[in-house]
2 protein chains.
Amino acid sequence: MIQTRLLETAIDQFGRLGFEGASTREIARASDTAMSSITYHFGGKEGLYLAAADHIAKQVREILGPLRQKAEELAGNSTREQTIELLLAMLDGFAQMMLRLESEAWSRFIVREQQQPTEAFERLYQGAMKAMIETFVLLLRGARTDLDDAECRATAIMLFGQALVLRVGRASVCRALGVEALGEAEGTLLRTRLRKTALCILEEGNG
Amino acid sequence: MIQTRLLETAIDQFGRLGFEGASTREIARASDTAMSSITYHFGGKEGLYLAAADHIAKQVREILGPLRQKAEELAGNSTREQTIELLLAMLDGFAQMMLRLESEAWSRFIVREQQQPTEAFERLYQGAMKAMIETFVLLLRGARTDLDDAECRATAIMLFGQALVLRVGRASVCRALGVEALGEAEGTLLRTRLRKTALCILEEGNG
DNA sequence: GTCTATACTACGATAGAC
DNA sequence: GTCTATCGTAGTATAGAC
């Protein structure tokens with residue numbers, strides 16, 4: 001599928017070089033097609049960019065969807081222990097995504113949009129992030145009944161930050177751990193620590 | 001000073017558009033000078049990029065330097081309570097930097113380098129980040145004697161992540177809180193929550 | 001649908017006037 | 001030291017062949 005090939009190359013190139021820095025010529029060449037295919041299939045550079053955002057949202061949905069669905073099922077009737085375990089599982093799923101090599105290209109794309117949102121951010125948010133965040137906050141309210149809604153949302157942000165840093169602070173994370181790249185061992189260490197810090201945040205208050 | 005003006009514009013433009021995306025013509029124009037000034041003062045586009053990294057490192061040193069110095073003074077002889085309070089102060093200083101409008105341009109530049117390090121990352125790390133991270137880890141070892149060095153470093157990463165997300169996940173943070181932009185009220189809410197989550201992580205173990 | 005060819009604009013570097 | 005002028009390259013978009 002030439003569309004898919006173009007989209008995957010586009011995500012990589014846009015993520016790496018930004019919208020302005022990436023070139024449609026290069027994206028087409030790396031996808032083994034002519035530049036005008038982009039015009040034909042996506043209407044131009046901007047159309048390709050937005051389609052790339054949709055493509056990312058779809059893949060993120062497919063990866064994190066099952067966990068989210070399970071969370072919504074258990075949202076109504078579950079013990080505090082179950083709720084906390086599910087929150088930890090969602091966070092670990094997110095952390096694993098941040099550690100994955102495949103997510104590197106997406107992440108670059110998404111982080112760019114976080115700092116300078118365009119129409120593409122809207123598609124990413126509505127298409128994948130919103131549902132995940134809202135489910136997470138809902139569960140968190142069950143685990144931390146001592147906090148009001150705004151406090152829960154702020155706490156959720158802190159929890160996500162701990163996983164996000166694995167991707168967006170990657171170079172510093174490697175330096176801090178004294179390694180060239182994050183391998184199996186470092187991944188386990190970091191995920192274990194994340195579980196511990198998250199657990200003590202979740203159990204705070206009414207333990 | 002035309003050099004300073006060029007550097008500040010460069011940080012903004014490189015951060016926004018990336019190395020390839022930014023144009024020396026535009027940087028010069030926005031700095032009210034000719035493009036060839038860049039060649040004269042910095043040797044070219046790449047020289048300007050590296051000089052911009054040095055400029056950022058210098059400013060970060062000036063902002064976070066005092067806290068770091070105080071930390072090193074107290075590192076040897078201080079109570080656990082003092083150590084924890086200092087760690088919280090350093091983290092809050094970092095969080096305030098992430099919330100500041102002025103740091104927006106730097107952050108974009110740094111985040112880019114984190115995900116795709118070039119020689120500029122080396123300058124940022126050696127020039128500002130290394131000292132801050134190592135001081136933080138040293139203090140953390142004093143507060144969490146139950147953890148070994150690697151575990152402390154991983155925990156430090158989690159703590160920094162909670163502040164980092166305020167900048168690199170900005171668009172989602174705003175959405176999660178249901179606001180257009182982060183104002184005084186949201187800043188206070190987030191910093192208060194950060195203090196609480198950090199405190200419970202720091203006090204874990206040997207309370 | 002996918003290609004080649006072309007029009008037009010903007011890029012970085014550099015030479016030379018002042 | 002700062003400017004203008006110019007060169008060669010590479011960008012997007014588009015028209016038209018197949």
Side-chain angles (χ1 to χ4, degrees), chain A residues 1-56 58 105 108-109 112-113 116-121 123, chain B residues 1-56 58 105 108-109 112-113 115-123:
Chain A
M1 208 59 180
I2 196 164
Q3 276 109 321
T4 312
R5 227 162 53 232
L6 276 170
L7 284 173
E8 278 162 8
T9 313
I11 290 167
D12 184 69
Q13 296 281 314
F14 283 133
R16 223 177 271 282
L17 306 167
F19 181 79
E20 294 85 355
S23 109
T24 52
R25 267 187 156 81
E26 180 57 27
I27 291 170
R29 202 199 53 76
S31 306
D32 277 318
T33 185
M35 203 213 61
S36 46
S37 300
I38 292 172
T39 314
Y40 180 77
H41 287 293
F42 303 102
K45 192 182 189 180
E46 196 167 327
L48 179 60
Y49 189 77
L50 294 174
D54 290 334
H55 195 65
I56 291 173
K58 184 160 168 263
R108 280 193 285 253
F109 192 107
R112 224 171 262 277
E113 282 295 325
Q116 300 173 270
T118 69
E119 195 194 323
F121 177 74
R123 302 198 181 199
Chain B
M1 207 59 181
I2 194 166
Q3 275 108 321
T4 312
R5 225 163 52 233
L6 276 171
L7 283 173
E8 278 162 9
T9 314
I11 290 166
D12 184 69
Q13 296 282 315
F14 282 134
R16 226 177 271 282
L17 306 167
F19 181 79
E20 295 86 356
S23 108
T24 53
R25 270 188 155 84
E26 180 57 27
I27 292 170
R29 201 198 54 74
S31 306
D32 277 319
T33 185
M35 204 207 57
S36 46
S37 301
I38 291 172
T39 314
Y40 180 78
H41 287 292
F42 303 101
K45 193 182 190 182
E46 196 168 325
L48 179 62
Y49 189 75
L50 294 175
D54 290 334
H55 195 66
I56 292 172
K58 183 161 169 263
R108 280 192 285 253
F109 192 107
R112 223 171 263 277
E113 282 296 325
Q115 297 194 84
Q116 300 173 272
T118 69
E119 195 193 324
F121 177 73
E122 201 63 36
R123 303 197 180 200

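In what follows, chains are A, B, ... by sequence order, proteins preceding strands, each numbered from 1. Computed from a prediction, not measured in an experiment: that's the story for all the values here.
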Given atom [atom1] of [X] and atom [atom2] of [N], what is their separation to the nearest angstrom?
| X | N | atom1 | atom2 | value |
| --- | --- | --- | --- | --- |
| B:Glu20 | D:dT9 | CD | C1' | 16 Å |
| B:Leu6 | D:dG1 | CG | P | 15 Å |
| A:Tyr49 | D:dA13 | OH | P | 15 Å |

Nearest-nucleotide wise, let me know which of A:Lys45 and B:Ile2 is further upstream toward the 5' end of DNA chain D.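 The residue closer to the strand's 5' end, by nearest nucleotide, is B:Ile2.
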5'-most contact on DNA chain D: B:Gln3 or B:Arg25, nearest heavy atom basis?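 So the residue in question is B:Gln3.
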Quick check on the helix from C:dG1-D:dC18 to C:dC18-D:dG1: what's the angle between its two end axes, five base pairs per end, to the nearest 10°?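 About 0°, once rounded to a multiple of 10°.
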Partners of A:Tyr49 by ring pair (Phe, Tyr, Trp, His ring centres under 6.0 Å), sequence neighbours excluded?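 Partners of A:Tyr49 by the ring pair (Phe, Tyr, Trp, His ring centres under 6.0 Å) criterion, ordered by chain and then number, come out as A:Phe14, A:Phe19, A:Phe109.
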For residues 29-51 of chain B, which residue pairs pass the salt bridge (charged side-chain N to carboxylate O under 4.0 Å, His left out) check, not counting sequence neighbours?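 Checked against salt bridge (charged side-chain N to carboxylate O under 4.0 Å, His left out) - neighbours excluded - the pairs reaching residues 29-51 of chain B are B:Glu26-B:Arg29.
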Please list residues of residues 26-43 of chain B whose heavy atoms come under 4.0 Å from any atom in DNA chain C, ordered by number; otherwise none.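 Contacting residues: B:Met35, B:Ser36, B:Thr39.
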Would you say the side-chain atoms of A:Arg112 pair up with the backbone N or O of A:Gly15, donor to acceptor, closer than 3.5 Å?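 Judged by distance alone, yes, a pair lies under 3.5 Å.
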Search all heavy atoms of B:Ala120 against all heavy atoms of B:Leu50 and return the closest pair with its distance.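 Nearest heavy atoms, B:Ala120 then B:Leu50: N-CD2, 3.7 Å.
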Can you name the nearest heavy-atom pair linking A:Ile38 to A:Thr24, along with the distance?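 Between these two residues, the closest heavy atoms are CD1-O, 3.6 Å.
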Do A:Arg108 and A:Asp12 come within less than 4.5 Å of each other through their side chains, counting heavy atoms only?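 Yes, at least one pair of side-chain atoms sits under 4.5 Å.
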side-chain hydrogen bond (donor to acceptor under 3.5 Å, both in side chains) against A:Thr9, all qualifying residues, sequence neighbours excluded: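 So A:Thr9 forms a side-chain hydrogen bond (donor to acceptor under 3.5 Å, both in side chains) with A:Ser31.
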Output all residues satisfying side chain to side chain contact (heavy atoms under 4.5 Å, CB included) with B:Glu8, sequence neighbours left out; order by chain, then residue number.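 Partners of B:Glu8 by the side chain to side chain contact (heavy atoms under 4.5 Å, CB included) criterion, ordered by chain and then number, come out as B:Thr4, B:His55.
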